[in-house]
Every structure is written in structure tokens, then in C-alpha cells.
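Accompanying notes for the structure given below.
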Amino acid sequence: MIDRREFRKSFDDMQAALARRGADVVGEDSPWSKARELDVRQRDLKMELETLQAERNRVSKLIGQKKAQGEDAAEEMAAMQDVARRTKALDGEVKEAEEAFYSVLLEIPNPPHASVPDGKDESANVELHRWGNPRQDSVPPHWEIGAALGILDFEAGATLAGSRFTVLRGMGSRLERGLMQFMLDLHVDQHACEEVWVPAIVNRKTMTGTGQLPKFADDLYKLEDEDAFLIPTAEVPVTNLYQDMILEADALPIRHCAYTPCFRREAGSAGRDVRGMIRQHQFDKVELVHLTQPDRALDDLQTLTGHAEAVLQALGLPYRVIELCAGDIGFSAQKTFDLEVWLPSQNTYREISSCSSFGQFQGRRAGIRYRDESGKPQAVATLNGSGVAIGRCLVALLENGWQADGSVLIPDALQPYVGGKSRIDLAVC
RNA sequence: GGAAGGGUGGCAGAGUUGGUCGAAUGCACCGGUCUUGAAAACCGGCAAGGGGCAACCCUUCGUGGGUUCGAAUCCCACCCCUUCCGCCA
């Protein structure tokens, strides 16, 4: 969430920044407008309450002293009954005001970093650079390649669970598993990340810490009998590994990688990417998570993005890096680079990794802090990015490795992870 | 799921006949004395959040509620941990 002090102090600047990303900061009912009101109200009430509490504490102490000396304190005690009553009533009001304030604060997105380009939507995103040579010949879509090879089974997925679920068979399954291992090994061995393995179900507080709640409940699968959710990304559990902790400065930066399954309801994307396994309700992903000092966040974002790029380079998959404009970055993000891999069947680049700096936004929400040079705790900066989405990577491998005879070549770097095989051949019937 | 025990500051660990307890003590950590240096010893400091220019005030002893002038201490509910039993991959 945004910083409360900064909210008061730099109200106009923050408002302008939020407007850049398209957030409603003028509407009467916008969280932004409400926050301003509630902030004042909460503090006024609180000051009133504290005055009463101070009085109560003072006299109560006095009563204790008198009683200890055997004196009579009936008069004071009687007088305090009224104060106690008013204190209790006011305390309720303060709690309400506080709750109201924080509930709107949690709905205000992260103001984009000043360096983020202007723009309303993805059409204003800026391409930064390209890597590799995209093949320009005609290639069938991955679902046809996969079906022909007998490694992707969408019918089975639909039968078992519904649309947007896929069953992988044989080399398809093995590739999925191999990619997972390959990516983790790369990040652990080359990028000095600490691998972690975490729960795929988390509670409400954890989901709130990274910003998925309260605003995006519709995108999440919620457990019926518990106040818990399936994770939409490893970002959630891995970042929250440090919730409510105060880290020492020399512990930073912290770099993690983690494999998890991810679950998304895709509520708002009906009709998009309905075929194939580009957009699934369940998919596998290796995620990169960094915790760092706020003034290093942007440098670290370069580092993290580089780690994600290394995966695509090692696999020889052509891609480009784009920077999202202010109108296209995610709710919690301050600045985002997307990696888009070349999909020859669509003759276009498709997102395969999204690398973001969140500044101190998540650190504040999740209570992740570190001691700066003065010894004072302050929120850490968090970053994360896919390194990379495994399902989409498999898609890219199938299409980019496809041969005219129907087989698919497997990149050298991946071969040790799939039993040394260098290609997937059509089943000979 | 059943039974028992427990949740206190970075850690360990006192505190449960309610009162001067944000909380003894030890360790860790920081500063100082001493020392060629270090260690030891000794002295001092050392929770977080909020408000205030400041003095200082308020909140927090798993969470929420209750009793009371006053609760870490009493009552209720919930959560979590440990052990034992049951069940189970």
C-alpha cells in the first residue's frame, strides 16, 4: 500500500502519478477521495481517545498508589467510571475509522515510477530490445503440433476438469518436468538464488500482503471450508516468507527461485486464448523473487529481468523485452518489464514472463522491513518475475522447434533434462 | 478428530493472590573504559507502531471480546505450536 505519511505530504504528486496509470483519483467515491477524508477523521478521533486514555491511566495509577498506602480512593474510582465508559465508546469509533481507512487504502494501486512511460493501455508499451532470430516460415499452432505428437490432450483435460485444463502425455509431461528442473538449476547455479518450496494454498493475510486481496478476489480460487486460497503465483508465498519480519541490511538482497503450480480463475478473459495451453486455470511456473533496499530496486529489476532472459537464451527462444506503460502495469507494480517469446504460428510475440519492481508497496502491506543505516526499520523493496512460465515455454518450444516432418527439436541445454532426447518424433503407427 | 500442555521483547526466559510491568534476568547487538590489538572484566544503551517542534503522550505480552477505576495477570471464543491417541500419503 501507499505510504500514509507520503500520502498526506505529497498528496498532489501521488494523485498525479496514480492518474497516469488510470486510477480513479477524482471521483467522490474513489478510494483515493475517501482515503483523504478517513485519514483526517481517524486521526482526530484517535487524538481525542488518547487524551481520555492518558487521563484514565494517570488516575488509575494514582488509585493504585493510594490503595497501596491504605488510603481511600473511592472518590477517584467513581469519577473514573464515566471516563472508562467514554473511552470504551470512543475506542470503538476509532477502530471503525481505522478499519475504514485501511480498507480503502488497500484498494489504492501503486503509483508508477517516474521513469515509466505514459500511456493508456498495452498499445503504448515500449519495446526495449529483441534477442534471437524469429523463424518466419509457416508453423502450425502448438495444439496441432502437440496433438499430432500425442503429447497434449485437451479433451482429457476438459473431461477431468473443464475448459482451460490440459493433460500432458509422454514427452509432453517429461518436457514440463524437465523445464522445471532446468530453470531451477539455472537460477540456483548461475544466479545464486536460494530455491524454496512453498505451500500452494495460503491464507487471507498472505494473499493481502502481496496485493491480490482484497481487490482481486474474483481472480482467485477460494477454498470452501476455509479462509484460504490457491496461489495464482509463487510470488505470494515466497514474498510472504518474510511477512512481519525486520531484516538486517546485510541480509539484502535476498534472491529466491521457486517452482509452484499456479491457479487462476481467468474471470475477465472469457474468449481469449481459448485454444491451446496459453491460458490455463492451472499452470506451472518457476518464479524469481528478490527483496532489496528501496534505492536499489530499479537496478535489481534489471538483474532479475536478466535472470529471466537467461532462460530463454539458454533455450534459444527468440524474444523481446518491452516496458509496460503506466496504464498497463499491475496493481501492485511500480515498474514492469515483460518478456515476450516468439510464437511463429501466431506470427507474434507473446508474454512469457513479467518482471516487476513493487518498490515498498508490498513491503508495507506485508510488514517486511529492514534496518537502514540509522538503525530504523523501513519497508523493503520487493521484486518478482517469472523465470519463466513453464506451460508457455513448452508452447514456444513446440512451435519454434517444429520441423516440416512434424517432429520437434529439443534445445541442447534441455536435453539432459529429458533423458538425452534431441527431438520428439511423430508416433509411428 | 480426541486428550494434555503452551503461546511474553532478536533469542532464551521470569512474571498468573489484578495496580508504580513495556515488562526482571541471561545471551546477542551497539557505544565507552581498560588493552599494542583482541578477549575477559566493568559502565551505559538496546522492541515496534502511532501522535507531537519538543517535553511527552497513546497502543501492543497469539487474535478478538468481556469483567474492572486499572489486566501480561481473571472470564469467554477463536487461531497457532508441542506431545500423546486416532486416521492417513
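Just so it is clear, the values below take in all heavy atoms, side chains as well, and ignore hydrogens, waters and symmetry mates. Every chain is numbered from 1 and lettered A, B, ... according to where its sequence line falls, protein lines coming before strand lines.
Among the heavy atoms of the strands lying under 4.0 Å from A/Gln81 are primed sugar atoms or P, OP1, OP2 only; no base atom is included. When heavy atoms are screened at a 4.0 angstrom cut-off, A/Ala78 is found touching no nucleic acid atom at all. Contacts of A/Lys88 with the nucleic acid, taken as non-hydrogen atoms under 4.0 Å apart, involve only primed sugar atoms and P, OP1 or OP2. Residue A/Met80 is classed as a sugar-phosphate contact, given heavy-atom separations below 4.0 Å to backbone atoms only.
Only the C1' atoms considered, B/G44 is 15 Å distant from B/C34, to the nearest whole Å. Separation of the P atoms belonging to B/C29 and B/A39 is 10 Å when rounded to the nearest angstrom. The same atom, P, is picked in B/C61 and in B/A55; the two are 25 Å apart, to the nearest Å. For the C1' atoms, the distance from B/C69 to B/G13 is 32 Å, rounded to whole Å. Nucleotides B/G1 and B/U67 have their P atoms positioned 31 Å apart, rounded to a whole Å. Look at the P atom in both B/G10 and B/U83: the space between them is 25 Å, to the nearest Å. Taking the P atom of each, B/C46 and B/A23 are spaced 10 Å apart, rounded to whole Å. Straight-line distance between the C1' atoms of B/C79 and B/U68: roughly 27 Å, to the nearest whole Å.
In this entry the distance linking CD of A/Glu248 with P of B/G10 reads 11 Å, nearest Å. Atom NZ in A/Lys61 sits roughly 12 Å away from atom P in B/A71 (whole-Å rounding). Taking atom CG on A/Asp82 and atom P on B/G70, their separation rounds to 12 Å, with Å as the unit. One can place CE of A/Met77 at 16 Å from P of B/U67, the figure rounded to the nearest angstrom. Between the CG atom of A/Asp244 and the C1' atom of B/G10 there is a distance of 15 Å, given to the nearest Å.
A donor-acceptor pair under 3.5 Å is absent between the side-chain atoms of A/Thr206 and the main chain of A/Val202, judged by distance alone.
Take A/Asp299 and apply the side chain to side chain contact (heavy atoms under 4.5 Å, CB included) test, not counting sequence neighbours, and it matches no residue.
Counting non-hydrogen atoms of neighbouring residues, nucleotides and ligands closer than 6.0 angstrom, the CZ atom of A/Arg36 reaches no more than 12 such neighbours. When the shell of 6.0 Å around CD of A/Glu75 is examined, it contains 12 or fewer heavy atoms from other residues, nucleotides or ligands. When the shell of 6.0 Å around CZ of A/Arg350 is examined, it contains more than 12 heavy atoms from other residues, nucleotides or ligands.
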Per-nt protein contacts along nucleotides 49-65 of chain B (heavy atom under 4.0 Å; B base, S backbone sugar-phosphate only, - none) come out as SBS-----BBS-----S
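Of the two residues contacting RNA chain B, namely A/Arg371 and A/Ala84, the nearest-nucleotide position lying further toward the 5' end is that of A/Arg371.
Cation-pi check for A/Arg4 over A/Phe101 is met; the charged atom lies under 6.0 angstrom from the ring centroid and within 45 degrees of its normal.
The side-chain contact (heavy atoms from CB on, under 4.5 Å) test with A/His191 is passed by exactly one of A/Thr303, A/Leu288, A/Leu186: A/Leu186.
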